[in-house]
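Computation of the quantities below employed the complete heavy-atom set of this structure, encompassing side-chain atoms and omitting hydrogens, waters and symmetry-equivalent molecules.
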Amino acid sequence: MRVSKLFGKTQREIPAEADNLSHQLLIKAGMIYQVAAGIYSYLPLAWRVFKKIENIIREEMDASGGQELNMPVLQPLELWQETGRDLAFGKGLFTLSDRRERKLALGPTHEEIITILASRNIKSYRDLPQLLYQIQTKFRDEPRPRGGLIRVREFSMKDLYSFDVDEERLDQSYKKMLQAYRNIYHRCGLIARMVEADSGAIGGKDSHEFIVITETGEDEVIYCESCGYSANVEKAQSIKSKSEDENPLPLEEVSTPGMATIEEVSEFLKVPKNKTLKAVFYVTDGELVFVVIRGDIEVNEVKLKNALRCYELRLATEAEVKEAGIVAGSASPIGIKGVKVIADESITLGANLVAGANKPDTHIKNVNYPRDFKFDLMADIAKAKAGEGCPKCGSKLASVGGIEVGHTFKLGTIFSEKLGAFFIDSSGASHPILMGCYGIGLDRLIAASIEQNHDDKGIIWPLPIAPYHIYLCPLYLENPEVKAAAENLYADLEAERLEVLFDDREESPGVKFNDGDLLGIPFRVTISPRTLKANSVEIKRRSEKESQLLLLDEAVTKLKELIKES
RNA sequence: CGGGGUGUAGCGCAGUUGGGUAGCGCGCAGCGUUUGGGACGCUGAGGUCGGAGGUUCAAGUCCUCUCACCCCGACCA
């Protein structure tokens with residue numbers, strides 16, 4: 001490909017709205033163009049990267065026994081109502097009506113469709129196991145698209161679904177996929193960390209995410225250096241500090257004028273935050289919920305949502321709290337009525353705590369559970385923090401940010417039961433098929449790869465996903481010798497079917513070098529009067545500083561070797 | 001949806017306070033001189049000032065409504 005003909009221009013300045021690194025570089029390199037919030041066009045260079053990633057994924061899926069198929073984007077909304085996932089996805093589901101006013105959804109994922117498909121085509125244990133996948137466009141009306149390709153509304157996902165006869169076989173399929181995923185990330189030049197995850201709207205039991213650690217990641221991983229435990233913060237557990245055992249003292253009301261937050265109360269009463277109780281109010285599917293948790297711990301809303309088995313969860317407004325007759329700032333589980341109370345397990349860690357009094361400007365000292373209050377449900381709804389104890393080994397937990405580039409779920413039988421995907425075993429008995437699902441976001445993989453492979457000059461593509469392998473960069477093209485040598489070398493490289501981007505523009509060396517670095521092509525081949533004097537070309541890896549001279553005659557063979565080795 | 005911000009040439013911005021000729025840099029086109037890490041000179045093209053309505057002799061600037069985009073939070077590949 002000749003740069004002079006390449007569709008898409010590099011930019012010297014980046015649009016103000018791009019503040020994420022991969023987003024900035026993709027735009028600066030002229031690889032993507034934003035059409036609307038979370039909707040992008042891919043220009044030829046980025047599209048080549050996309051297709052390479054797609055092929056790597058396809059190869060790995062096929063190698064582990066997957067069969068590729070294709071399912072529709074347009075899906076009847078009824079199907080979603082049948083599994084209740086129209087509610088689970090809520091507004092995230094793009095919906096529309098056809099000319100007969102039939103409701104349709106744009107598929108955000110395909111468990112429903114694939115399960116129906118399985119129910120028609122899998123009848124016997126002899127038909128199992130199956131690994132079925134597609135690489136296809138998904139639509140999700142994200143509340144807030146962001147970060148360029150990291151979070152978009154229209155994106156490409158490889159989604160594979162496994163079908164097995166029992167848990168044990170499901171585990172085997174699951175393991176197979178985990179290994180395929182590791183291969184994929186490795187081949188894309190990514191270091192991805194596998195962590196325990198919440199299964200969210202997809203549902204199911206075991207779930208893992210693959211997170212690429214980056215500076216600008218939107219996910220948080222809690223992990224343990226010593227035993228290797230790692231989990232998304234949404235799922236992570238931790239051992240919280242416990243205050244010293246004390247004998248319960250009698251309740252005592254204290255005046256706390258104007259003190260509403262835990263900080264204020266703890267400061268005012270000279271009591272550490274972990275010896276206070278905090279009240280937090282949520283509204284879930286229309287109902288007010290009172291959450292009690294130790295003052296120094298934050299509520300993990302994902303865990304809370306799971307504990308309540310609800311679709312919608314949000315913090316209650318002040319008005320809603322007031323309307324329920326609760327005194328914000330001094331709310332207390334003691335003597336509260338008419339509200340569902342959820343307690344975090346942390347309330348058992350410590351004695352003689354400070355809680356609200358359900359009276360303005362008043363708190364109560366020496367509150368002890370179970371002596372002083374009751375609740376409707378106790379669960380682990382605490383957010384884990386770095387510095388707390390590892391749930392597996394007790395060592396100190398740490399935290400890092402990253403981008404989720406893959407998610408796997410053991411679905412079990414939730415979909416097969418709802419949608420009637422059963423098989424007959426060898427004894428003639430009918431069972432629901434055990435399912436798993438496994439997703440990788442391709443667009444995000446591109447973004448993550450840039451986040452992990454770049455320098456201040458631009459992108460450094462790992463060879464397997466680079467749009468081209470060689471940046472052929474002649475200097476002083478108006479010099480006939482340079483011109484002839486460059487054209488010849490270009491023709492020879494093309495003849496060997498090497499992937500060459502030929503910068504045939506009459507630009508200054510600085511412009512060419514900078515563009516080459518920005519585009520991140522792995523090998524740069526420079527030809528100039530200087531190199532020709534030695535009858536040679538200069539070769540430089542994008543990832544390294546040093547360059548080397550190669551004889552012109554040997555250049556093609558040598559480059560071929562270098563690319564093969566990489 | 002809650003909070004914050006921005007819309008003026010392809011990109012980055014000034015001009016809005018105090019209404020009166022549409023500006024700068026980069027990029028783009030032509031010519032010339034340069035050029036081993038984003039060169040310089042000259043000439044030129046490019047604008048519904050996000051949109052609609054209003055006030056005014058006159059609106060990029062004032063008023064009303066509206067749309068889009070970005071950032072922080074709830075969502076997730």
Side-chain angles (χ1 to χ4, degrees), chain A residues 9-20 23 27-28 30 33-39 57 88-93 108-109 135-159 181 192 197-202 207 209-212 218-219 232 234 282-283 299 301-302 304-305 311-315 317-318 403-409 437-448 457-458 473-479 482 506-518 524 526-531 538 540 547:
Chain A
K9 299 219 177 304
T10 58
Q11 291 179 198
R12 199 174 284 215
E13 275 157 319
I14 45 173
E17 66 243 32
D19 74 340
N20 175 278
H23 191 195
I27 288 179
K28 196 160 184 239
Y33 179 80
Q34 182 172 14
V35 175
I39 303 176
I57 293 174
F89 268 94
K91 288 189 176 159
L93 200 61
T109 173
I135 298 172
Q136 193 229 29
T137 308
K138 308 287 188 222
F139 294 84
R140 293 185 189 175
D141 197 357
E142 294 291 340
R144 186 154 86 82
R146 91 183 96 175
L149 295 184
I150 291 176
R151 172 161 235 88
V152 291
R153 294 191 291 172
E154 174 178 337
F155 63 100
S156 285
M157 181 161 97
K158 183 285 302 172
D159 43 327
Y181 273 38
D198 179 73
S199 53
I202 308 290
S207 178
E209 285 174 342
F210 288 83
I211 306 264
V212 168
E218 52 175 12
D219 276 276
N232 190 308
E234 294 174 352
Y282 287 90
V283 172
V299 176
E301 294 185 5
V302 173
L304 178 59
K305 209 166 159 180
Y311 294 124
E312 279 215 48
L313 181 76
R314 60 172 174 81
L315 278 169
T317 62
E318 274 179 48
I403 302 170
E404 178 190 353
V405 291
H407 201 158
T408 60
F409 306 79
C437 77
Y438 315 81
I440 287 186
L442 305 232
D443 315 74
R444 199 177 268 186
L445 217 49
I446 295 176
K457 292 278 184 191
C473 183
L475 308 179
Y476 314 104
L477 255 183
E478 61 286 354
N479 176 322
V482 172
E506 291 193 4
E507 287 286 353
S508 71
V511 170
K512 291 189 166 190
F513 288 153
N514 276 307
D515 274 348
D517 287 347
L518 175 60
R524 185 179 77 198
T526 309
I527 305 181
S528 71
R530 196 193 286 178
T531 66
E538 179 194 280
K540 180 184 167 297
S547 59

Students often get this wrong, so: under 4.0 angstrom with heavy atoms, is Glu234(A) touching a base, only sugar-phosphate, or nothing?
base
Check this one for me: any side-chain N or O of Arg12(A) less than 4.0 Å away from OP1 or OP2 of rG27(B)?
yes
In the structure shown, which nucleotide is the Watson-Crick or G-U wobble counterpart of rC1(B), with both distances under 3.5 Å?
rG73(B)
Tell me: CG of Asp515(A) to P of rG38(B), nearest whole Å?
13 Å
Watson-Crick/G-U partner (both atom distances under 3.5 Å) of rU17(B):
none
For Ala36(A), answer base if it contacts any base atom (sugar-phosphate contacts may also be present), sugar-phosphate if it contacts only those atoms, and nothing otherwise; contact means non-hydrogen atoms under 4.0 Å.
sugar-phosphate
Measure from the side chain of Lys305(A), starting at C-beta and using heavy atoms only, and say which of rG37(B), rC69(B), rC75(B) lies closest.
rC75(B)
Which part of the nucleic acid, if any, lies within reach of Ile14(A) when heavy atoms closer than 4.0 Å are counted: base, sugar-phosphate only, or nothing?
sugar-phosphate
d(CZ, Arg530(A); P, rG37(B)) in whole Å
8 Å
Whether Tyr181(A) and Tyr438(A) hold their rings parallel, tilted or perpendicular, with breakpoints at 30° and 60°:
perpendicular
Phosphate OP1/OP2 of rC72(B): any Arg144(A) side-chain N/O under 4.0 Å
yes
Under 4.0 Å, heavy atoms only, any strand: does Gly406(A) hit a base, just the sugar-phosphate, or nothing?
sugar-phosphate
Sugar-phosphate only, base, or nothing, as touched by Glu209(A) at under 4.0 Å among non-hydrogen atoms:
nothing
So what does Glu478(A) touch, heavy atoms closer than 4.0 Å: a base, only the sugar-phosphate, or nothing?
base
Measure the distance from NZ on Lys28(A) to C1' on rC11(B) and round it to the nearest whole Å.
12 Å
Looking at the side chain of Glu218(A), which of rG12(B), rA77(B), rC76(B) is the nearest nucleotide?
rC76(B)
Using whole Å, report how far CZ of Arg153(A) lies from C1' of rC76(B).
15 Å
Got a salt bridge between Lys138(A) and Asp159(A), using NZ or NE/NH1/NH2 to carboxylate O under 4.0 Å?
yes
Could you please name the partner base of rA22(B), counting Watson-Crick and G-U wobble pairs only when both distances are under 3.5 Å?
none
Could you check which nucleotide pairs with rC65(B) in any of the strands shown, counting Watson-Crick or G-U wobble with both distances under 3.5 Å?
rG51(B)
Take atom P in rC69(B) and the same atom in rU35(B), then report the distance between them in whole Å.
48 Å
Less than 3.5 Å between a donor and an acceptor, one on the side chain of Arg151(A) and one on the base of rC76(B), is that the case here?
yes
Hey, does the side chain of Arg146(A) come within less than 4.0 Å of rG73(B)'s phosphate (OP1/OP2), counting only N and O?
yes
Counting the atoms with a prime plus P, OP1 and OP2 as sugar-phosphate, which does Gly147(A) contact under 4.0 Å by heavy atoms, base, sugar-phosphate, or nothing?
sugar-phosphate
Any strand: nucleotide that pairs with rC31(B) via Watson-Crick or wobble, under 3.5 Å:
rG41(B)
Categorize Thr137(A) for me: base, sugar-phosphate, or nothing, with a 4.0 angstrom heavy-atom threshold over every strand shown.
nothing
How would you label the contact of Arg444(A) with the nucleic acid (heavy atoms, under 4.0 Å): base, sugar-phosphate, or nothing?
base
Taking any strand in view, what nucleotide pairs with rG46(B) in a Watson-Crick or G-U wobble way, both distances under 3.5 Å?
none
Is the aromatic ring of Phe513(A) within stacking range of rG38(B), meaning centres under 5.5 angstrom and planes under 30 degrees?
no
Considering only atom P, compute the distance from rA9(B) to rG46(B) and round it to an integer number of Å.
15 Å
Does rU56(B) have a Watson-Crick or wobble partner in any strand here, with both distances under 3.5 angstrom, and which is it?
none
Over all strands shown, is Val405(A) touching base, sugar-phosphate only, or nothing at heavy-atom distances under 4.0 angstrom?
sugar-phosphate
Are any of Gln11(A)'s side-chain N or O atoms less than 4.0 Å away from OP1 or OP2 of rG38(B)?
no
So, OP1 or OP2 of rG38(B): does either fall under 4.0 Å of a side-chain N or O from Ser508(A)?
no
